[in-house]
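Presented below is the structure to which this report refers.
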Amino acid sequence: MPELPEVEALRDFLVDHLVGKEIARVLPLAISVLKTYDPPLTALQGTTVTAVDRHGKFLDITAADLHLVVHLARAGWLQWKDGFPATPPRPGKGPLALRTVLTGGDGFDLTEMGTTKRLAVHLVHDPVDIPGVARLGPDPLADSFDREALARILGGARRQVKGALRDQSLIAGVGNAYSDEILHVAKMSPFKLTTRLDDEDITRLHTALRTTLREAVERSRGVAAGKLKAEKKSGMRVHGRAGQPCPVCGDTVLEVSFSDSSLQYCPTCQTGGKPLADRRMSRLLK
């Protein structure tokens with residue numbers, strides 16, 4: 001799933017490629033992709049893109065007084081095209097979900113692989129009209145997101161720290177992959193309870209959170225949209241690297257699997273050398 005660093009890189013890419021250009025048409029090609037119907041997508045025809053913003057994992061393309069807001073979900077992606085075939089694509093065929101064509105002939109496709117369709121596109125007058133945007137917590141790269149802000153967020157509930165990092169209503173933009181990376185840098189068990197975090201833990205976690213995301217954004221900056229997935233994978237220390245050596249200590253990266261996801265961690269760096277059992281059977285490791 002694209003997370004904050006990849007969506008921020010896509011935002012940078014679209015600022016360079018979209019802002020100042022006129023939209024010729026927007027074609028929805030998958031029944032499930034469009035989540036709003038008023039205003040219609042035809043309202044974008046002839047408008048000029050004035051800004052591209054990010055809200056957590058949401059991309060926000062502004063044209064006139066409208067916002068085309070995209071959430072790529074787990075298997076969605078944006079593919080830039082310098083040109084399109086003369087024949088329009090047939091709806092419902094393949095991974096193509098939505099096509100945006102500019103008057104210059106270039107534009108982008110939104111695609112989604114797999115059979116589970118969660119890619120979401122909204123056209124609204126205000127992004128906060130979208131429930132997923134309205135519920136977002138603070139952006140962890142904002143200047144106001146200091147150590148005290150993180151302490152207040154984590155002090156409000158008793159839960160495992162990995163789940164707290166992934167909760168979009170608490171912190172916007174962090175998902176499964178970067179929560180693994182942040183916790184590895186912070187040398188912290190993913191199962192540790194937020195109520196057991198002391199002052200040193202909070203400081204270490206805040207530093208790891210900001211550093212990990214900033215470094216990922218910088219690695220992705222300037223990378224073409226089509227190469228961002230590979231860049232994300234190459235920069236991972238533990239996520240997606242089960243069975244490989246930890247780049248810090250050399251221990252074997254281990255994995256805990258769930259019904260629809262998994263987490264990876266280093267026992268030596270994060271859990272005092274103790275392997276975590278299946279989450280449903282495991283006792284909390286401090």
Side-chain angles (χ1 to χ4, degrees), residues 1 3-5 56-57 74 137-141 145-217 232-286:
M1 176 184 289
E3 300 180 31
L4 186 155
K57 302 177 191 177
R74 177 170 293 183
D139 192 294
L141 292 186
F145 194 89
D146 56 16
R147 182 203 173 281
E148 286 66 35
L150 179 62
R152 287 193 298 271
I153 290 169
L154 297 182
R158 183 180 187 273
R159 58 193 307 176
Q160 292 176 347
V161 64
K162 179 175 171 70
L165 290 175
R166 293 185 61 187
D167 187 336
Q168 299 304 293
S169 67
L170 297 181
I171 301 171
V174 178
N176 192 41
Y178 284 103
S179 58
D180 282 351
E181 296 297 293
I182 290 163
L183 291 169
H184 181 253
V185 173
K187 299 184 181 300
M188 190 174 296
S189 169
F191 290 172
K192 187 163 187 173
L193 289 178
T194 55
T195 52
R196 295 191 178 183
L197 299 176
D198 59 24
D199 288 345
E200 182 181 344
D201 290 332
I202 294 290
T203 299
R204 196 167 69 250
L205 185 60
H206 178 264
T207 300
L209 175 61
R210 300 267 288 186
T211 300
T212 300
L213 294 178
R214 281 174 171 167
E215 289 179 353
V217 168
K232 175 181 180 179
K233 186 176 181 180
S234 69
M236 293 290 157
R237 296 155 55 115
V238 292
H239 184 79
R241 291 174 54 87
Q244 300 181 45
C246 168
V248 174
C249 72
D251 195 2
T252 301
V253 173
L254 299 182
E255 178 175 276
V256 177
S257 296
F258 307 99
S259 59
D260 62 350
S261 66
S262 63
L263 66 83
Q264 290 80 42
Y265 68 99
C266 170
T268 295
C269 292
Q270 296 175 253
T271 61
K274 302 175 184 178
L276 294 171
D278 183 277
R279 180 183 182 278
R280 293 163 292 185
M281 302 169 59
S282 178
R283 296 172 62 87
L284 175 70
L285 291 183
K286 297 180 179 180

Answer whether the closest heavy-atom distance between the side chains of [X] and [Y] falls below 4.5 Å.
X	Y	value
L205	L150	yes
S261	R166	yes
I153	T194	no
V185	T207	no
T271	F191	no
K162	N176	yes
V256	P190	no
I171	F145	yes

Item to complete: Show your working on side chain to side chain contact (heavy atoms under 4.5 Å, CB included) between T268 and V248 and close with a plain yes or no.
Response: CA-CA 10 Å; T268 295; V248 174; over 6 Å; no
Worksheet item: Is the side chain of Q168 donor-acceptor paired with the backbone N or O of G173 at a distance under 3.5 Å, no angle test?
Response: yes
Fill in: Expected output: side-chain R237 to main-chain C246 donor-acceptor under 3.5 Å
no
When rounded to the nearest 0.5 angstrom, what is the spacing between [atom1] in [X] and [atom2] in [Y]?
X	Y	atom1	atom2	value
D251	Q270	CG	CD	10.5 Å
R158	L193	CZ	CG	4.5 Å
M236	D180	CE	CG	8.5 Å
H206	D146	NE2	CG	6.0 Å
L183	C266	CG	SG	12.5 Å
Y178	L213	OH	CG	8.0 Å

Locate the shortest heavy-atom distance separating [X] from [Y]; write the atom from each residue and the value.
X	Y	answer
V253	R241	CB-O, 3.4 Å
A164	L170	O-CD1, 3.8 Å
I182	A208	O-CB, 3.5 Å
S189	L276	OG-CD2, 4.4 Å
G175	E3	N-OE1, 2.7 Å
L254	P275	CD1-CB, 3.7 Å

Fill in: Worked check of salt bridge (Lys or Arg N to Asp or Glu O under 4.0 Å) between D198 and R204
CA-CA 10 Å; D198 59 24; R204 196 167 69 250; 5.7 Å; no
Discussion item. Check this for me: R159, atom CZ, are more than 12 non-hydrogen atoms of other residues, nucleotides or ligands nearer than 6.0 Å?
Written reply: yes
Item to complete: Take E181 and V238, measure what side chain to side chain contact (heavy atoms under 4.5 Å, CB included) needs, and give me the verdict at the end.
Response: CA-CA 6 Å; E181 296 297 293; V238 292; 3.4 Å; yes
Item to complete: Identify the residue among E255, Q264, H184 that makes a side chain to side chain donor-acceptor pair (under 3.5 Å) with H239.
Response: Q264
